[in-house]
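Presented below is the structure to which this report refers.
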2 protein chains.
Amino acid sequence: MIEWDRGEPVWAEDSAKWKQLAQELRERIESGRYRSRKRIPSQRQLEQEFGVSRDVIRQAVGHLVAMGMLKIDPGVGTSVLPPENWRLPEE
Amino acid sequence: MIEWDRGEPVWAEDSAKWKQLAQELRERIESGRYRSRKRIPSQRQLEQEFGVSRDVIRQAVGHLVAMGMLKIDPGVGTSVLPPENWRLPEE
DNA sequence: ACGAATTTGTGCGTATGTATG
DNA sequence: CCATACATACGCACAAATTCG
């Protein structure tokens, strides 16, 4: 889980919220909590769960899409791609 | 207190602008002009009002944040903390 | 065919954080 | 200290795509 220091320091000390969220989502995918070929919670739901704006959600999701870990179907949802599709740029 | 002349602030020569501004903001907080738990004008608005750069605004605000008189919520604004949060280092 | 609900896409405005010259 | 640009973040509103009754 992610702990934000809401109201206090910000992304200055550590990294941006969207980067932390992307890491959290990635862990959920790699751990199997978000299963391959299955949909993850909607952006609205992720908003609620993590208490961040859609900006942050969309940045994080967009990052994983670029990594080939997630696939977006407009009007439908966002699903997990199987590992053979991943192209991890490293970090 | 900052003096005003024809709508323009008059800055003292012997003190940094940010310190004078910090003192001004502090007085506005202690006088109740900036009310507890309410947001103060945005940095951009303060820029306009005092005719200084954001550098100066941020230095002054940062000073009051360190004193526990202001709280910054990125993407939201800056608000006044109640007196019980203040930790005045002296001066 | 229709309309409602859901989900993502997009744009706007505002505010603060960081970086650079 | 000033000026500027860009990144990060929040909130809202509306559009487009899809699903379902």
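Letters go in sequence order (proteins before strands), and every chain restarts at 1.
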Check side-chain contact (heavy atoms from CB on, under 4.5 Å) between A:Gln48 and all other residues, then give those that pass, not counting sequence neighbours.
none

Among residues at least two apart in sequence or on other chains, which ones pass side-chain contact (heavy atoms from CB on, under 4.5 Å) with B:Ala12?
B:Asp14, B:Gln20

Within this structure, what is the [atom1]-to-[atom2] distance between [X] and [N], rounded to whole angstrom?
X: B:Glu47; N: D:dA5; atom1: CD; atom2: C1'; answer: 13 Å
X: A:Ile57; N: D:dT8; atom1: CD1; atom2: P; answer: 15 Å
X: A:Phe50; N: D:dT8; atom1: CZ; atom2: P; answer: 19 Å
X: A:Lys17; N: C:dT16; atom1: NZ; atom2: P; answer: 14 Å

Assign each of A:Lys19 and B:Ser53 the nucleotide of DNA chain D bearing its closest heavy atom; nearer the 5' end lies the nucleotide of B:Ser53

Protein-nucleotides 4-14 of chain C N/O pairs closer than 3.5 Å?
from, atom 1, to, atom 2, distance (Å)
C:dT8, OP1, A:Thr78, N, 3.3
C:dT8, OP1, A:Thr78, OG1, 3.2
C:dT8, OP2, A:Gln43, N, 2.8
C:dG9, OP2, A:Arg58, NH1, 2.6
C:dG9, N7, A:Arg54, NH2, 3.0
C:dG9, O6, A:Arg54, NH1, 3.3

Which pairs, with at least one residue in residues 41-61 of chain B and sequence neighbours excluded, count as a salt bridge (charged side-chain N to carboxylate O under 4.0 Å, His left out)?
B:Arg28-B:Glu49

B:Val52, nearest nucleotide to its side chain (from D:dA9, D:dC2, D:dC10)
D:dC2

I need the full list of ring pair (Phe, Tyr, Trp, His ring centres under 6.0 Å) pairs touching residues 16-44 of chain B, with sequence neighbours left out, sorted by first then second residue.
B:Trp18-B:His63

Measure the CD1-CG distance between A:Ile40 and A:Leu70 for me, rounded to the nearest 0.5 Å.
5.0 Å

Return each pair, listed once, that meets side-chain hydrogen bond (donor to acceptor under 3.5 Å, both in side chains) where at least one residue sits in residues 73-82 of chain A; pairs must be two or more places apart or across chains.
A:Lys71-A:Asp73

